[in-house]
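Everything on this sheet refers to the single structure shown next.
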Amino acid sequence: MSFASILPSIKRFRLLIILALITALVTVACNPSNYQTQAAQVPQMIVAVLGEPSTFNSALNESAYSVFGPLYDSLINENPLTNELEAGLAESWQVLDNGQRVVITLKKGLKWSDGKPMTADDIVFSYNDIYLNPKIPTPTKDSLRINERGDTPKVRKIDDLKVEFTVPEPFAPFLRWVGGITILPAHALKESVHTTDSSGNPKFLTMWTTGTDPKEIIGNGPYVMETYIPSQRVIFRRNPYYWRKDAQGNPQPYIERLIFQIIESTDNQLISFRSGQLDNLEVPPEGFSLLKREEKRANFKIYNGGPDTSTTFIAFNLSKAKNAKGQPFVNPIKSRWFNKKEFRQAIAYALDRETMKTNAFRGLGELQNSFVYVKSPYYLPPEKGLKVYNHDPEKAKKLLLQAGFKYNANQLVDEDGNRVRFTLLTNAERKVRGDMAAQIRQDLAKIGIQVDLQILSFNAYLEKLKVTQDWDCYLGGFAGGGVEPHSASNIWRIKGASHAFNLGPQPGDPPITGWVVSDWEKEIDRLYIKGAQEIDENKRKEIYYEYQRIASEQLPFIHLVERLDLQAVRDRFQGIKYTALGGPFWNLYELKIAEDN
């Protein structure tokens with residue numbers, strides 16, 4: 001499971017996918033019971049994560065499998081039960097000048113996990129020196145761009161506890177964004193931002209890697225890192241300087257220790273949960289019926305939040321650019337196929353998503369047709385213009401013929417006689433992804449297309465998508481967007497760090513040449529700017545409706561099936577307030593463990 005579901009805040013919208021498995025010997029070595037006695041039986045929670053963290057530097061992170069949920073709190077939090085904003089590190093806030101100025105006042109006496117005071121200087125540093133620094137490739141920057149010029153908020157210190165944010169024009173997500181982005185410690189990181197390495201890049205880019213001693217990572221959240229053992233676990237202990245206290249003045253969180261058990265397979269996570277080694281499990285479709293029968297006997301409860309807030313899709317590499325060596329990222333022959341709208345639409349019609357839901361998801365999913373969460377007020381229903389691609393292989397063939405393709409026996413070829421064949425990239429750890437990929441290959445074979453599967457570990461997968469850009473088509477997803485469309489701005493904005501289907505030049509990366517942006521990409525970019533600027537909710541809906549009409553016509557993402565959000569939690573945890581948006585542990589700081597367990 002992604003820790004986006006634990007302690008979720010309004011700051012989290014990250015790339016979702018997973019990692020690879022270890023041997024039975026390592027699984028035994030990783031058994032949490034092996035070190036419970038060493039910990040003097042302190043109150044602890046053990047959860048499974050499918051992948052290793054890629055960095056300990058939150059500003060540079062693009063992976064859903066991270067350590068940051070327990071390490072950092074937000075200035076302002078969104079309560080997933082009420083959707084209301086609540087004070088976090090901030091004591092209060094004021095929205096002034098028709099929403100174009102926000103003044104945030106910090107709580108008194110806040111401290112970093114190393115005991116140093118947290119002040120307004122840290123907020124100003126985090127924004128001006130890191131998130132808005134053109135030399136630092138942080139995905140957060142994409143969500144802070146306000147207009148076509150790329151203007152971003154101005155941030156200034158008023159006094160030690162007060163910070164003022166201003167924007168030159170209305171920005172609808174303003175308060176949620178400035179309140180939700182992680183604040184980093186100036187005293188620990190400022191020098192690295194303002195000194196450069198031999199290549200002229202800020203040393204910050206190599207600060208706080210996974211090779212750093214976990215105890216050196218400084219946060220302001222409920223926990224601090226104590227130990228990281230690659231491919232095994234991350235251990236957190238309660239932050240003694242965390243600000244929250246209960247009504248009686250007792251420090252929170254109550255649970256002394258939190259453990260991320262790295263188990264890089266949904267099958268092995270299921271085994272570990274059933275054997276009592278885990279306190280929580282994101283229930284995979286293939287494990288639901290078995291766990292449901294054991295629910296009462298084994299003292300746990302399965303929560304069902306309905307369709308998950310994430311997206312699952314395939315996307316083609318539409319880039320026409322060349323790398324620093326002058327080599328095209330995509331074979332030019334394939335690039336011509338992928339950049340034909342009719343080709344992408346034909347693929348969508350060829351996929352039998354109902355069978356995919358039945359077989360891969362065991363019926364525990366919903367067909368997905370939009371990037372916007374189906375329960376969001378901004379979701380465009382099909383009756384208002386969202387194009388839906390129900391299974392129709394004959395229509396797929398007709399579109400391909402209209403686009404200049406033809407059939408040689410049962411094989412699809414292009415106008416030059418090239419066999420239509422491409423590689424589908426996906427990750428190894430989540431069983432359902434492999435099942436989906438196998439069906440995609442079968443469905444496309446029926447319209448004459450040969451699909452080769454490339455199934456990699458998460459880090460290798462991400463390397464291909466983000467660094468080498470050496471891929472044809474990928475099966476993946478994005479997680480944590482919630483109901484606000486602007487959370488996907490790093491995906492849809494042309495210069496976004498996660499605009500993976502046509503990734504442009506990124507700070508710190510080798511130069512690329514020949515990058516071409518289509519007119520429809522430009523129009524979606526314009527609508528995203530306009531949607532963020534519009535304050536009137538009804539007008540905002542119409543703007544995001546139009547973006548979805550374009551996206552469903554052009555299909556940079558071909559949506560598939562989204563799983564139901566099923567979470568199994570041990571009965572011994574008291575205070576669970578489960579919500580689909582927050583998951584079971586959004587209020588981890590106030591959870592307790594029953595004494596008789």
Side-chain angles (χ1 to χ4, degrees), residues 16-17 266 282-290 292 304-316 341-376 379-400 410 412 422 424 426-427 430-451 453 455 473-479 548-549 551-566 580:
L16 173 70
I17 335 183
T266 52
E282 178 192 289
V283 181
E286 64 273 13
F288 176 76
S289 59
L290 175 63
K292 194 64 182 174
N304 183 355
D308 192 64
T309 60
S310 59
T311 62
T312 304
F313 52 78
I314 59 170
F316 287 95
K341 176 183 71 174
E342 295 81 4
F343 178 84
R344 301 191 297 273
Q345 290 180 340
I347 297 294
Y349 281 120
L351 299 179
D352 188 352
R353 298 185 298 157
E354 284 288 353
T355 296
M356 186 178 290
K357 183 177 85 169
T358 300
N359 293 345
F361 287 82
R362 310 315 198 258
L364 300 171
E366 297 290 343
L367 300 194
Q368 194 170 53
N369 298 301
S370 173
F371 215 94
V372 177
Y373 181 41
V374 69
K375 294 183 180 180
S376 167
Y379 171 75
L380 173 67
E383 58 269 22
K384 290 190 177 182
L386 184 72
K387 192 165 184 176
V388 174
Y389 297 82
N390 294 321
H391 183 49
D392 192 339
E394 291 307 312
K395 193 167 187 176
K397 291 179 181 179
K398 185 177 179 181
L399 277 169
L400 290 168
N410 292 322
L412 186 70
F422 62 83
L424 176 64
T426 193
N427 58 287
R430 196 178 286 267
K431 183 180 184 299
V432 69
R433 290 279 171 85
D435 294 342
M436 295 169 78
Q439 189 190 315
I440 290 168
R441 179 169 59 182
Q442 291 173 2
D443 288 344
L444 296 188
K446 293 175 183 176
I447 62 166
I449 296 175
Q450 181 170 336
V451 177
L453 301 184
I455 302 178
C473 177
Y474 83 100
L475 165 59
F478 290 94
Q548 290 171 84
R549 290 186 188 101
S552 65
E553 173 71 20
Q554 296 294 336
L555 286 185
F557 298 104
I558 299 173
H559 294 286
L560 301 171
V561 180
E562 190 47 60
R563 68 179 185 88
L564 298 183
D565 183 20
L566 302 168

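All values derive from a computational prediction rather than experimental measurement. Residues: numbered from 1 along the sequence shown.
Between Arg563 and Asp565 there is a salt bridge, with a side-chain nitrogen of the basic residue lying less than 4.0 Å from a carboxylate oxygen of the acidic one. Taking a cutoff of 4.0 Å between a charged side-chain nitrogen and a carboxylate oxygen, Lys341 and Glu553 qualify as a salt bridge.
No donor-acceptor pair closer than 3.5 Å links the side chain of Glu286 to the backbone N or O of Val432. A donor-acceptor contact shorter than 3.5 Å is absent between the side chain of Arg353 and the backbone of Asn390. Asp392 places no side-chain N or O within donor-acceptor distance of the main-chain N or O of Tyr349, the cut-off being under 3.5 Å. Glu282 contributes no side-chain N or O that, together with a main-chain N or O of Leu566, makes up a donor-acceptor pair within less than 3.5 Å. Under a 3.5 Å cut-off, the side chain of Glu342 and the backbone N or O of Leu399 do not form any donor-acceptor pair. No donor-acceptor pair under 3.5 Å is formed between the side chain of Tyr379 and the backbone N or O of Ser370. Counting only distance, with no hydrogens or angles, the side chain of Thr266 and the backbone of Lys431 share a donor-acceptor pair below 3.5 Å. Put simply, the side chain of Thr426 gets close to the backbone of Leu475: a donor and an acceptor are under 3.5 Å apart.
Shown here is Lys384, whose NZ atom has no more than 12 heavy atoms of other residues, nucleotides or ligands within 6.0 Å. Residue Lys387 qualifies as enclosed at atom NZ: its count of foreign heavy atoms under 6.0 Å is above 12.
Once rounded to the nearest 0.5 Å, the distance linking CG of Leu444 with SG of Cys473 reads 8.5 Å. Of the inter-residue distances, the one linking Leu367 atom CG with Leu560 atom CG reads 9.5 Å to the nearest 0.5 angstrom.
Annotation for Ala346 and Ala396: closest pair O-CB, 3.2 Å, computed over non-hydrogen atoms. For Gln368 against Thr311, the heavy-atom pair with the smallest separation is OE1-CA, 3.4 Å. Scanning both residues, Leu386 and Ser552, for their nearest heavy atoms gives CD1-CB, 3.8 Å. When all heavy atoms of Asp443 and Ala350 are compared, the pair lying nearest together is CB-O, 3.5 Å. For Tyr373 against Asp308, the heavy-atom pair with the smallest separation is CE1-O, 3.6 Å. Across all non-hydrogen atoms, the minimal contact from Gln439 to Asp352 is NE2-O, 2.7 Å.
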Chi angles and distances behind the side-chain contact (heavy atoms from CB on, under 4.5 Å) call for Phe313, Val561: CA-CA 8 Å; Phe313 52 78; Val561 180; over 6 Å; no
Criterion side-chain contact (heavy atoms from CB on, under 4.5 Å) on Leu364 and Asn304, from CA distance to verdict: CA-CA 10 Å; Leu364 300 171; Asn304 183 355; over 6 Å; no
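Taking the centre of each ring, Phe316 and Tyr474 stay at or above the 6.0 Å mark. In this structure, the ring of Phe371 has its center less than 6.0 angstrom from the ring center of Phe557.
Put simply, the side chain of Met436 does not reach to within 4.5 Å of the side chain of Ile314, judged on heavy atoms. In this structure the side chain of Gln345 reaches within 4.5 angstrom of the side chain of Leu555, judged on heavy atoms. You'll find the side chain of Pro393 stays beyond 4.5 Å of the side chain of Lys446, heavy atoms only. With a 4.5 Å cut-off on side-chain heavy atoms, Asp435 and Arg362 count as touching. Counting heavy atoms from C-beta on, the side chains of Thr312 and His559 never come closer than 4.5 Å. Val372 has its side chain within reach of Gln548: a pair of non-hydrogen atoms, C-beta onward, lies under 4.5 Å apart. Between Lys375 and Pro307, some side-chain heavy-atom pair lies under the 4.5 Å cut-off. Using a 4.5 Å cut-off on side-chain heavy atoms (C-beta onward), Leu380 and Arg549 make contact.
Counted by atom type alone, Glu562 and Ser310 present one or more donor-acceptor pairs between their side chains at under 3.5 Å.
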